[in-house]
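Some notes on the structure that comes next.
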Amino acid sequence: MEEEGAAADVDSLPRGAFRCRLCHVTVANQPSLDDHLRGKKHQRLENLRSVRQSQELRSIFVSGFQKGTTALELSSYFETYGNVINVVMDKDKGVYAIVELQDEEILQKVLAEPQHSLGGQKLRVKPREKKDFRYTPPKKQGSARREQLSPEKLAQNICQVDDVDAQMSLMVQLFEFSESEQRLRDLLVKLFQEVFSEFFPESVILPFGSSVNGFSVSGCDLDLFLDLEKTKNFQASAKTTDKPLAEEEATEMESRSEDSILSDIDLVTATVPEILDLVATVLQKCVPGVHHVQVVSTARRPVVKFCHKESGLRGDISINNKLALCNTRFLQFCTEADERVRPLVYAVRYWAKQQGLAGNLFGGGPLLNNYALTLLVFFFLQTRSPPVLPTVAQLKDLSDDGELTVVDGWDCTFPKDPASLQPSGNTESCCSLLAEFFRVFESYNFASGVISLRESRSLPLSDFLLSDAGQKFKMGPVNLQDPFELSHNVAANVNEKTALRLQRSCQDAAKYCRSLQYQRKSSKGKNWGLVRLFQPGSPQAAERQVILLPLMPATQSLGSHSELHPSRDFPQLWFRRVCAGVSFILQHVLKCSCSENSQGLGDDRESLSSDPEEEEQLNTRTEQLSVGSKRPPDVEDAELGSPPAKKPRTECSLPEAESVTWDCTAWHRVWLGRRRVRRQISSPETDPKRTADPLELEGKVSEAISQQERQTRPVDPLFGFTVCAMIRDGGSGEHDPQVSLNFTPHPEQGAVFQDFFHFLQGFLPRMVEQYLTTKPSDRHIPEDKSSIGDDI
Ligand code: ATP
Ligand code: MG
């Protein structure tokens with residue numbers, strides 16, 4: 001009997017090996033299997049399983065009691081039917097409890113009772129769901145919480161192989177989910193499904209996006225769609241009294257509806273935010289290990305965001321995003337249609353991330369998102385000669401008659417099975433396709449037409465606007481039509497600046513791909529092929545310089561409150577503070593003129609800010625600082641006869657975007673001889689009212705140096721430069737989010753700019769840290785959020 005049970009847990013593997021599914025153990029042969037089955041671990045897990053199963057058979061799921069009801073009260077109530085062994089409350093002690101009774105007989109008595117009530121509240125009582133027993137092996141360090149692959153590790157690995165094609169396929173292997181990550185995600189989806197089925201009968205939870213579309217990257221977000229269609233029908237039928245339901249059926253529906261949270265809401269008439277609020281409540285209170293739950297109802301597709309504590313996985317749940325399920329299947333279809341698709345998309349996505357052009361940084365901003373970027377690669381593959389991928393219109397023709405799929409009114413028809421496609425006649429290697437991708441887009445006129453994957457061509461704006469879909473289409477500097485939702489520009493959030501950078505980065509990359517360093521492995525062990533392409537900035541733009549700053553000051557690092565992570569949870573707020581700091585240091589401490597080159601306020605606002613509170617602050621923003629001066633600010637102040645403002649406004653003017661650029665002019669060599677001047681200024685003899693504020697002191701140092709210089713040379717600009725600030729997602733592994741500052745000198749500024757930049761590398765991070773810790777945020781960090789910062 002026992003052996004029979006054990007056999008059910010064992011799978012035969014090739015070459016005489018076996019795997020015990022219960023214990024997740026693989027053994028080489030029959031004798032080892034026998035040892036394992038007799039061994040302690042297997043015996044212990046078998047026991048545990050039978051205990052759990054018997055507990056399940058004796059347990060009930062109870063809800064409907066008053067918040068604050070204790071386990072003891074519930075236990076005493078059910079004691080009237082027989083012995084209660086245990087009561088497990090949900091983590092917030094208010095929504096449900098599992099009550100374990102002594103035996104099934106008592107359980108039957110409890111269930112036979114038509115009405116239970118406690119403290120005046122009607123209780124909902126039903127048998128506990130039966131779950132398959134699953135043993136989760138103890139976590140090895142780093143198995144659930146994934147190590148993100150650092151650029152250095154990636155470089156080390158891909159430099160070893162022989163050619164660029166091999167580098168690209170190795171990249172896919174290094175980035176895609178490991179078996180354990182895949183398992184973790186599957187388990188999470190199952191967990192969500194179980195919990196949501198309790199509260200929304202017949203609902204279905206479906207993963208989409210990069211977890212399932214063939215472009216998984218360890219640590220990417222978990223996009224989930226909660227399909228409530230059947231739940232709505234279920235609720236509607238339960239409510240229809242005049243429908244001639246069999247009496248039994250009607251009673252059953254009634255009781256299931258009663259059992260669920262559905263009794264509190266009418267899904268047909270409720271608004272999306274109302275339903276999302278409910279989803280958020282269920283997530284927060286009833287899904288173990290889920291925290292940081294937040295409804296974002298202002299996004300184009302409203303979602304509930306969450307984080308899974310143990311694994312650090314972040315995710316979204318949406319309820320009205322069926323098109324995304326469909327385009328996810330389409331992406332997956334294309335990966336299966338040609339084996340070059342995955343390596344190419346992985347390489348382009350990583351390149352774009354490294355260049356700060358694309359990525360899903362906190363769900364918004366003026367960058368291309370990974371979906372849009374992938375469509376751009378598909379479009380490129382459609383336009384090769386011969387094509388690597390067919391057009392979407394051709395795919396529709398290839399699908400069997402009667403296979404028409406319409407989602408939200410859009411034709412989403414394409415064949416189910418990629419095997420039905422003729423193999424492409426195109427024989428280009430991945431290496432050359434990548435180089436060609438950059439060559440095509442380095443001079444592509446994105447703004448002059450609309451890229452259509454349906455037809456594999458750029459539709460002229462004039463023709464396009466004549467169509468119904470065209471009239472709703474949000475035109476921008478990059479126009480990329482969704483393959484199914486034809487009125488949707490998937491790149492509508494991209495602003496001029498990003499479009500320009502995209503083009504420039506493609507130029508740099510195309511140039512590099514023409515070199516031997518790209519095409520041939522270095523025999524001297526130098527970086528070659530993809531490695532140099534992936535260096536931040538670009539191999540051809542060595543003059544661009546980067547300083548990385550933490551998104552929040554080190555002095556406010558986490559400490560013991562590991563659940564709180566303001567820089568991750570309110571990144572836009574901290575980004576604004578850092579930008580305000582940078583702008584303050586450049587202007588008021590180093591006496592540069594800076595004019596903010598604002599972009600993006602006209603962008604797709606809905607998708608820019610993912611945080612409704614941030615959005616609200618955004619709306620309350622009334623002032624904007626932009627010192628567009630072509631002369632030193634102090635000179636200007638003096639001439640205008642107005643003293644400098646007591647409290648300079650230095651918050652940047654682009655709070656909702658994730659990049660900010662300043663055009664700056666440096667007037668004096670304020671980096672020379674600072675220590676001497678500082679000593680003079682801070683000695684009590686020179687300045688009896690010595691300032692304790694380091695920022696003020698540093699400003700005085702710059703002012704003194706400038707004054708000395710003014711005596712020896714005319715006040716002309718020393719050099720010009722631009723600074724572009726962006727958030728860099730730290731991922732869930734290596735480091736926290738950072739702000740990267742890209743400095744680009746105006747042409748011909750070489751040596752003097754280099755001196756300045758070297759000085760800034762040490763000076764700026766210290767000063768920004770000082771700014772963040774000592775300058776209170778006057779407007780942008782709301783009280784409740786800043787108190788989180790204070791707390792930690
Ligand atoms: P990753 O999360 O790794 O950046 P992703 O493909 O999951 O990649 P998300 O931004 O998380 O990208 O979006 C999830 C899915 O939602 C996409 O795969 C796509 O199916 C859909 N999607 C995202 N953005 C758009 C958009 N602008 N228009 C239409 N569908 C979109
Ligand atoms: Mg995603």
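One-based numbering, in listed order, for ligands and for the atoms of each. Because the structure is predicted, anything quoted here is derived from the model rather than measured.
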Q.
Taking 4.0 angstrom as the limit and counting only heavy atoms of Asp482, give me the atoms of ligand 1 inside it, by number and element.
A. 29 (C)

Q.
Does only the side chain of Leu323 get under 4.0 Å from ligand 1, or the backbone, or both, or neither? Count heavy atoms.
A. neither

(Q) So if I count the atoms of ligand 1 from 1 in the order they appear, which ones are less than 4.0 Å from some heavy atom of Phe208? (A) 14 (C), 15 (C), 16 (O)

Q. Phe437 vs Trp351 aromatic rings, parallel, tilted or perpendicular, using cut-offs 30° and 60°?
A. perpendicular

Q) For Ser452 and Arg457, does a side-chain donor sit closer than 3.5 Å to a side-chain acceptor? A) no

(Q) Any salt bridge linking Asp411 with Lys396? Criterion: basic side-chain nitrogen under 4.0 Å from a carboxylate oxygen. (A) yes

Q | Atom of Asp223 closest to the Mg ion (ligand 2), considering N, O or S atoms | A | OD2

Q | Nearest option to atom 30 (N) of ligand 1, as decided by whichever heavy atom of Asn321, Asn327, Asn369 sits closest | A | Asn327

Q: List every atom of ligand 1 that sits less than 4.0 Å from any heavy atom of Cys220, numbering the atoms from 1 in the order shown and giving each element.
A: 3 (O)

Q) Taking 4.0 angstrom as the limit, do Glu179 and Arg185 come out as a salt bridge? A) no

Q) Which part of His488 is near ligand 1, with near meaning a heavy atom under 4.0 Å away: side chain, backbone, both or neither? A) side chain

(Q) Heavy-atom pairs closer than 4.0 Å: do any link ligand 1 to the side chain of Leu331, the backbone, both, or neither? (A) neither

Q. Purely on distance, is any nitrogen or oxygen of Tyr371 under 3.5 Å from one on ligand 1?
A. no

Q | Any donor-acceptor pair under 3.5 Å from Glu176 side chain to Phe215 backbone | A | no

Q. Can you tell me if an N/O/S atom from Asp316 lies under 2.8 Å from the Mg ion (ligand 2)?
A. no

Q. Can you name the ring-ring contact (aromatic ring centres under 6.0 Å, His included) partners of Phe306, sequence neighbours left out?
A. Phe192

Q. Going by heavy atoms, is Thr328 under 4.0 Å from ligand 1?
A. yes

Q.
For ligand 1 and Asp221, I'd like to know whether there is a polar contact (N/O to N/O, distance under 3.5 Å).
A. yes

Q | Numbered atoms and elements of ligand 1 in range of Gly209, under 4.0 angstrom, heavy atoms | A | 7 (O), 14 (C), 15 (C), 18 (O)

Q) Against heavy atoms of Asn213, which atoms of ligand 1 measure under 4.0 Å? A) 6 (O), 18 (O)

Q: Just give me the atom name: the N, O or S atom of Asp221 closest to the Mg ion (ligand 2).
A: OD1

Q) Which of the atoms in ligand 1, numbered in the order shown and given with their element, are less than 4.0 Å from a heavy-atom of Asn370? A) 1 (P), 3 (O), 4 (O), 8 (O)

(Q) For Pro207, is there any backbone N or O sitting under 3.5 Å from a side-chain donor or acceptor partner on Ser211? (A) no

Q: Could you tell me whether the side chain of Asp223 and the main chain of Asp316 form a donor-acceptor pair under 3.5 Å?
A: no

Q: Would you list the pairs meeting salt bridge (Lys or Arg N to Asp or Glu O under 4.0 Å) in which at least one residue belongs to residues 329-338, sequence neighbours left out?
A: Asp338-Arg340

Q. Is a side-chain N or O of Arg314 found less than 3.5 angstrom from the main chain of Cys307, in a donor-acceptor match?
A. no

